[in-house]
Amino acid sequence: MKASTNNRRITKIINESLAVEYEDAKSAGMLGYMARALVQATLPHSDPKTSYFERTNGLVTLSIVGSPKIGLPYGSVPRVLMAWICTEAVRTKQSELILGRSQAEFMAKLQMPNDGRYIASLKNQAHRLFSSLISLTGQQGDDLGLENVVIAKRAFLFWNPRKPEERNLWESTLTLSKDFYDEVTRSPVPIDLRAMYALRQSPLAMDIYTWLTYRMFLLRVRGRPHVIIPWRALKAQFGSAYGDTERIDLSEQELKKITDHALRNFRLKFLKRLNEVLLYYPEAKDAISLDPGGLRIQATRLHIQRDAKSS
């Protein structure tokens with residue numbers, strides 16, 4: 001049963017990737033944006049069961065603090081939400097975003113299936129995301145920079161998950177905080193929303209897609225022919241919870257064995273999802289290779305041209 005499900009998923013991904021390749025994002029009306037902060041360090045993939053979460057890419061550390069009674073956002077739904085929020089802010093140049101008069105209407109904007117799984121998850125994950133405080137810490141040598149960002153200044157969600165089609169008298173709205181609005185509209189990362197939607201069965205694949213798009217841009221602007229990223233750095237950025245342990249009763253040798261196993265496990269998962277991402281970014285396929293210590297990425301054609309925003 002599992003093999004059959006995986007085969008259907010791969011077939012669906014291949015068919016959708018061919019459609020994406022046929023028509024570019026802008027002409028298809030699917031040019032989207034993501035905040036740089038959430039590309040450099042990402043949200044949890046699964047429920048961390050805590051009100052604090054941290055990830056780092058070596059230079060920038062992202063930490064999220066949520067209400068203990070509500071929890072932290074995790075999985076694909078808040079990623080789809082963030083892509084829509086950032087895209088809408090860039091498109092409308094407004095900090096107040098209109099979500100719609102019903103949950104079903106907003107789900108259509110997110111291109112989410114109107115089924116029980118997503119209906120139950122959307123309001124919960126929106127509540128978690130809009131209630132969280134994001135902190136970005138950058139450190140290089142003795143220099144330290146810190147920025148705290150709240151995504152939502154206010155949100156009114158007039159949704160009834162038991163009756164998602166029911167229209168309310170009032171529009172549900174989300175007003176972005178000034179700091180987050182400025183961060184998003186100042187220098188957003190262009191993405192193809194079709195790729196984000198198609199990859200949403202895997203939060204890791206969604207993260208790899210936005211990260212790879214941004215990485216290629218950085219190589220271009222910095223004039224670097226390539227970069228080698230160690231697997232340990234990739235694991236810290238994308239998969240800090242893959243097989244890690246915090247036990248203190250282990251010997252150094254036992255801890256090393258567990259850590260090495262976790263790194264191998266992450267590497268296999270990362271490469272599997274990377275292969276899915278490359279179906280949507282085929283230009284990068286020949287620019288990525290395995291290095292003894294990590295992943296080697298060569299500069300290549302940008303997935304989405306950076307002047308798309310201004311044109």
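All figures in this text were calculated on a predicted structure; none of them were measured in a lab.
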- Is there a path from L234 to L290 through hydrophobic residues (I, L, V, M, F, W, Y) whose side chains come within less than 4.5 Å of each other? yes
- Message: Check this for me: does any side-chain nitrogen of one of R167 and E105 sit under 4.0 Å from a carboxylate oxygen of the other?
- Response: yes
- Under 3.5 Å, is there a donor-acceptor pair between the side chain of T87 and the main chain of Y33? yes
- Do F156 and N168 have side chains that get closer than 4.5 Å, going by heavy atoms? no
- Message: Could you tell me if R273 and S202 have a donor-acceptor pair between their side chains, going purely by distance under 3.5 Å?
- Response: yes
- Message: Testing the basics here: between L193 and L31, what is the closest heavy-atom pair and its distance to 0.1 Å?
- Response: CD1-O, 4.2 Å
- Examine Y209 together with Y280 and report whether their ring centres are nearer than 6.0 Å. no
- Sequence-distant partners of R232, salt bridge (Lys or Arg N to Asp or Glu O under 4.0 Å), two or more places apart: D260
- Considering all heavy atoms, the nearest M216-A284 contact: CE-CB, 3.8 Å
- Task: State whether the side chain of T210 and the backbone N or O of V39 hold a donor-acceptor pair below 3.5 Å, judged by distance alone.
- Result: no
- Return yes if a side-chain donor-acceptor contact under 3.5 Å exists between R55 and T61, otherwise no. no
- Would you name the heavy atoms of L38 and M82 that are closest together and state the gap between them? CD1-CE, 3.2 Å
- For V150 against A152, the heavy-atom pair lying closest together: CG1-O, 3.3 Å
- Task: State yes or no: do L302 and V227 share one hydrophobic cluster built from I, L, V, M, F, W and Y residues joined by side-chain heavy-atom distances below 4.5 Å, directly or via other members?
- Result: yes
- Q103 side chain to I119 main-chain N or O, any donor-acceptor pair under 3.5 Å? yes
What donor-acceptor contacts under 3.5 angstrom involve side-chain atoms of residues 66-81, with partners at least two apart or in another chain?
unit_1	atom_1	unit_2	atom_2	d
S67	OG	K69	N	3.3
S76	OG	R200	O	3.1
R79	NE	D207	OD1	2.7
R79	NE	D207	OD2	3.4
R79	NH1	P44	O	3.1
R79	NH1	G75	O	2.7
R79	NH2	L43	O	2.5
R79	NH2	D207	OD2	2.8

- Item | Derivation of the side-chain contact (heavy atoms from CB on, under 4.5 Å) call for L157 and F106 | CA-CA 10 Å; L157 306 180; F106 186 53; over 6 Å; no
- Query: E283 and Y281: side-chain donor and acceptor closer than 3.5 Å?
  - Reply: no
- Do side-chain atoms of N275 reach the backbone of L271 as a donor and acceptor pair under 3.5 angstrom? yes
- Rounded distance [0.5 Å steps], CE in M34 versus OG1 in T42: 10.5 Å
- Kindly say whether A120 contributes a backbone atom to a donor-acceptor pair with the side chain of K123 at under 3.5 angstrom? no
